[in-house]
Amino acid sequence: MNLKSLTSLAAVAAIGFASCQSETKKTSSGDSLKNDSVAVVKLVADSFKKEIDGKQTALYTLKNKNNAEAIFTNYGGRLVSLLIPNKEGKLVDVVVGFKSVNDYEKSTEPYFGATIGRYGNRIAKGKFTLDGKTYALFTNNGQNTLHGGKKGYQYVVWDAKQVNDHTLELHYLSKDGDENFPGNLDVKVTYTLTDDNELKMDYEAKTDKATPVNLTNHAFFNLNGDGSGEILNHEVQIYADEYTPVDSSLIPSGKIEKVAGTPFDFTKATTIGARVNDKNEQLTFGKGYDHNYVLNKTKAMNMFHAATVKGDKSGIVMDIYTQEPGLQFYSGNFMQSKNTFKTGAKDDFRTAFAMETQHFPDSPNQPSFPSTILKPGQVYKTSSIYKFSN
């Protein structure tokens, strides 16, 4: 594609996002810079100011020396936008999201960009037993509890403190009995945008009663840009030789199985779409990829190297590093075109993916899985890094 064509596409984008989205859908994967037609939307701070549950919501912008920006709202501790420079230095918004707090409130998909807790992922039948007592949670995902229950952390207004241009601290006291979980859980999450184009996520929590804890962030990524279309030609490598297969309700069976010889083998870089529609019971259960990978503890950045993802149009590469044992890979299978992103594009089927660093699903009911129980006197501390390059 020549410079003249790129300029024309940029003009089309300025005229209207709807035509931009339509153009993108017709694009072949070989057209390497087509995503430049997707304009970055400037967010309006006033659109994120609202009183919810007696607390004020707002917008917070982190910046680095490369002009990258990570934009959050304290409503749900959400990553709203993440602007990363591509090879030409043009900023690409690699996180899908909305342009107002009202849009997040009414969204049929509650987890876009949210900080997730008290327990990320699923708990079977909304029940677990701890210290001889059985706790019954709200079941919001069929017969199971997903991402904390009816009012998980994605719906709370976090106390926010922007420490400097690079760092945002979020705090929330999840009280004893919150969503029927035991213990007062004092949670602090620190998001930092470094000058190396890393988004660092540091989680810390303390409790006064034993309780399961599994915190993560549920950013939905499209490395070609918010509104650029399907993510099926993104290349993915996951540093895991095993995964945890699930039943039809997406609860792990308790087994840990090899990915070799299955559509779940991303030990070598493979496009998301290469095998996502293969005839496979696990893919049928998840309607695609919605599975926990058991990281093989490949060391990098003094952490585990979890995954590498490359946008086929933008050339942007995302490397994920974590202290967590697992990575939940979700290929956007339940996106239903019911919500409108900040670019004006709909949240169409498989137009974004999530990679959540975390402990395994249903660990409170799976004694063979790494424990997620936090006890009084202990400090829950874990960090993950999403590093971008091109």
Side-chain angles (χ1 to χ4, degrees), residues 76-79 110-124 128 137 140-141 144-149 152-154 170 172 174 179 181 185 187-191 199-205 207 211-221 236 238-240 242-246 250-252 254 256 264 266 286 289-298 301 303-307 309 318-332 353-366 368-374 379-386:
R78 296 174 188 273
L79 178 59
Y111 306 117
F112 283 121
T115 300
I116 299 296
R118 174 175 309 195
Y119 195 93
N121 220 309
R122 294 171 175 85
I123 295 178
F128 65 92
L137 313 173
N140 62 329
N141 184 240
N144 305 316
T145 297
L146 176 64
H147 294 328
Y153 294 177
Q154 75 276 5
L170 299 175
Y172 177 60
S174 177
E179 287 297 313
F181 283 99
L185 188 71
V187 181
K188 184 175 83 168
V189 182
T190 305
Y191 290 110
L199 182 60
K200 193 163 185 275
M201 305 176 180
D202 297 308
Y203 304 88
E204 186 173 325
T207 186
T211 186
V213 183
N214 193 25
L215 305 177
T216 191
N217 179 278
H218 209 311
F220 280 66
F221 295 99
V236 170
I238 300 177
Y239 299 89
E242 300 171 316
Y243 79 114
T244 52
V246 295
L250 301 182
I251 293 295
I256 293 178
F264 294 87
F266 286 92
Y289 298 108
D290 193 5
H291 295 73
N292 168 66
Y293 282 77
V294 180
L295 299 180
N296 62 20
K297 300 185 179 180
T298 297
M301 303 275 290
M303 295 178 162
F304 303 142
H305 198 171
V309 187
M318 178 175 71
D319 280 289
I320 303 173
Y321 308 95
T322 187
Q323 295 175 326
E324 291 295 289
L327 179 76
Q328 184 81 10
F329 173 35
Y330 169 60
S331 55
F353 66 93
M355 286 193 168
E356 305 148 74
T357 56
Q358 57 186 36
H359 270 57
F360 303 171
D362 197 37
S363 290
N365 296 310
Q366 303 276 0
S368 64
F369 288 177
S371 176
T372 54
I373 303 303
L374 180 67
V379 179
Y380 173 102
K381 290 189 78 169
T382 186
S383 297
S384 296
I385 294 174
Y386 293 71

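Side-chain atoms are counted along with the backbone in the values below, which use heavy atoms only and exclude waters and symmetry mates. FYI, the numbering just counts along the sequence from 1. Predicted model only: the values in this text are computed from it and were never measured.
Formation of a donor-acceptor pair under 3.5 Å by the Asn292 side chain with backbone atoms of Phe360 is not found in this model. Of the possible donor and acceptor atoms, none in the side chain of His147 sits under 3.5 Å from a partner among the backbone N and O of Gly120. Checked by atom type and distance alone, the side chain of Asp362 pairs as donor or acceptor with a backbone atom of Ala124 at under 3.5 Å. With hydrogens and angles disregarded, no donor-acceptor distance shorter than 3.5 Å links the side chain of Glu204 to the backbone of Lys188. The backbone N or O of Thr357 lies less than 3.5 Å from a partner atom in the side chain of Thr216, making a donor-acceptor pair. A donor-acceptor pair under 3.5 Å is formed between the side chain of Arg78 and the backbone N or O of Gln154. A donor-acceptor pair under 3.5 Å is formed between the side chain of Gln328 and the backbone N or O of Asp290.
Shortest non-hydrogen contact noted between Leu185 and Ala205 is CD1-CB, 3.9 Å. Between Phe353 and Ser331, the shortest heavy-atom contact is CB-CA, 4.3 Å. Closest non-hydrogen pair, Gln358 versus Asn121, comes out as NE2-ND2, 2.6 Å. Contact detail for Tyr203 and Met201: the closest heavy-atom pair is OH-SD, 3.6 Å. Summarising the geometry of Val379 relative to Leu374, their closest heavy-atom pair is C-CD1, 4.1 Å, with the distance given to 0.1 Å. Across all their heavy atoms, Pro212 and Pro364 have their closest contact at CB-CG, 3.9 Å.
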For a side chain to side chain contact (heavy atoms under 4.5 Å, CB included) check, start with the C-alpha distance between Thr207 and Val213, then their side-chain angles and the critical distance, and finish with the verdict. CA-CA 10 Å; Thr207 186; Val213 183; over 6 Å; no

Working note: Thr211 + Ile373, criterion side chain to side chain contact (heavy atoms under 4.5 Å, CB included); need CA distance, chi angles, decisive distance, verdict. CA-CA 5 Å; Thr211 186; Ile373 303 303; over 6 Å; no

Evaluate the criterion side chain to side chain contact (heavy atoms under 4.5 Å, CB included) for residue pair Asn144 and Leu146; output intermediate values, then yes/no. CA-CA 6 Å; Asn144 305 316; Leu146 176 64; over 6 Å; no

Let's go through Tyr119 and Leu137 carefully: what are the C-alpha distance in whole Å and the side-chain angles of both, what is the deciding distance for side chain to side chain contact (heavy atoms under 4.5 Å, CB included) to 0.1 Å, and is it a yes or a no? CA-CA 11 Å; Tyr119 195 93; Leu137 313 173; over 6 Å; no

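Rounding to the nearest 0.5 Å gives a distance of 7.0 Å between CG of Asn365 and CD1 of Ile123. Taken to the nearest 0.5 Å, the OH atom of Tyr380 stands 9.0 Å off from the OG1 atom of Thr372. Separation of atoms CG (Leu295) and CD (Glu324) is listed at 9.0 Å; rounding is to 0.5 Å. Here the OG1-CZ distance, from Thr145 to Phe181, works out to 6.5 Å after rounding to the nearest 0.5 Å. Note that OG1 of Thr322 and CE of Met355 are 13.0 Å apart. Values are rounded to the nearest 0.5 Å. The CG atom of Leu79 sits 12.0 Å away from atom CZ of Phe220, with the distance rounded to the nearest 0.5 Å.
A ring-centre distance under 6.0 Å is found for Tyr172 and Tyr153. You'll find the ring centres of Tyr293 and His291 outside the 6.0 Å limit. For Tyr243 and Tyr289, the ring centers are positioned 6.0 Å apart or more.
Ring orientation note: the planes of Tyr111 and His218 are close to parallel, at an angle under 30° on the 30°/60° scale.
Under the 4.5 Å side-chain criterion, counting only non-hydrogen atoms from C-beta, Ile251 is not in contact with Val246. Leu215 is not listed as a side-chain neighbour of Thr115, based on a closest heavy-atom distance of 4.5 Å or more.
Only one option out of Phe221, Phe266, Tyr239, Phe264 pairs with Phe329 in a ring pair (Phe, Tyr, Trp, His ring centres under 6.0 Å); it is Phe266.
In this model, a donor atom of one side chain and an acceptor atom of the other lie less than 3.5 Å apart for Asn217 and Tyr191.
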